[in-house]
Amino acid sequence: GKFLVHPPLDTLEVEIIHPEHAVMHEVCDFSIKDELYVVEPYTPFETLAVCDYDGFPRPVVWVKPYGLGKVVYLSLGHGAKQLKHEAFQDILLNASRWVLGT
């Protein structure tokens with residue numbers, strides 16, 4: 001995607017919109033203090049989680065095919081505290097498994 005802007009560090013409310021996807025396995029809506037990177041995604045992509053920005057849902061987790069592979073985009077995790085967040089770690093582990101097909 002193309003980076004557009006990021007507002008200051010704030011508490012983000014992450015809404016899981018496709019809980020049935022393997023990347024979101026056992027991940028529920030959560031709050032995290034992080035930077036929201038507002039990005040214009042390149043199609044095709046499937047949004048899995050969003051945060052509100054200026055009244056619009058913005059993708060923070062999406063997946064898309066790339067050649068014979070798979071891409072997972074996760075815009076959260078801008079510091080050690082965020083990297084230790086349970087939901088972030090769950091998404092990262094699920095994404096790794098999904099991409100590897102395990």
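Count residues from 1 along the sequence. All of these numbers come straight from a predicted model, not from anything done at the bench.
- Of the inter-residue distances, the one linking Gln82 atom CD with Leu76 atom CG reads 9.0 Å to the nearest 0.5 angstrom.
- Within the 4.5 Å cutoff, no side-chain heavy atoms of Val50 are placed close to those of Arg58.
- Cluster annotation: Phe30 and Leu9 are assigned to distinct hydrophobic clusters (Ile/Leu/Val/Met/Phe/Trp/Tyr, side-chain heavy-atom contacts under 4.5 Å, transitive).
- A donor and an acceptor atom, one from each side chain of Asp34 and His78, are located under 3.5 Å apart.
- When atom types are taken as modelled, the side chain of Asn94 and the backbone of His25 share a donor-acceptor pair closer than 3.5 angstrom.
- Atom CD in Glu26 sits 13.0 Å away from atom CD1 in Ile91 (nearest 0.5 Å).
- Contact between Ala87 and Val27 at its shortest, heavy atoms only, is CB-CG1, 4.4 Å.
- Within the 4.5 Å cutoff, side-chain heavy atoms of Trp62 are placed close to those of Val39.
- Connection of Leu93 to Ile32 is not established within any shared hydrophobic cluster, with ILVMFWY side chains joined at heavy-atom distances below 4.5 Å, either directly or through further cluster members.
- One finds the OG atom of Ser75 at 11.5 Å from the NE2 atom of His6 (value rounded to the nearest 0.5 Å).
- Counting heavy atoms from C-beta outward, Asp29 and Val14 have side chains that stay 4.5 Å or more apart.
- Within a 6.0 Å radius of CZ in Phe56, no more than 12 heavy atoms belonging to other residues, nucleotides or ligands are found.
- The shortest side-chain heavy-atom distance between Ile17 and Leu48 does not fall under the 4.5 Å cut-off.
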Task: Step-by-step side-chain contact (heavy atoms from CB on, under 4.5 Å) determination, Val5 to Tyr53 - done: CA-CA 11 Å; Val5 67; Tyr53 177 69; 4.0 Å; yes

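- Annotation for Glu86: atom CD does not count as buried by contact number, only 12 or fewer foreign heavy atoms lying within 6.0 Å.
- Lys33 is not listed as a side-chain neighbour of Lys81, based on a closest heavy-atom distance of 4.5 Å or more.
- Rounding to the nearest 0.5 angstrom, the gap separating the CE atom in Met24 from the CD1 atom in Ile16 is 5.0 Å.
- Interatomic distance, Cys51 SG to Tyr37 OH, rounded to the nearest 0.5 Å: 14.0 Å.
- One hydrophobic cluster, built from ILVMFWY side chains closer than 4.5 Å, cannot hold both Tyr73 and Val99; they sit in different ones.
- For Trp98 and His21, the ring centers sit closer than 6.0 Å to each other.
- With contacts defined as side-chain heavy-atom distances shorter than 4.5 Å, the pair Thr47/Val61 does not qualify.
- For the pair Leu83 and Gly77, the tightest heavy-atom approach, listed with the atom from each and the gap, is CD2-O, 3.7 Å.
- Once rounded to the nearest 0.5 Å, the distance linking CG of Leu12 with CD of Glu15 reads 13.5 Å.
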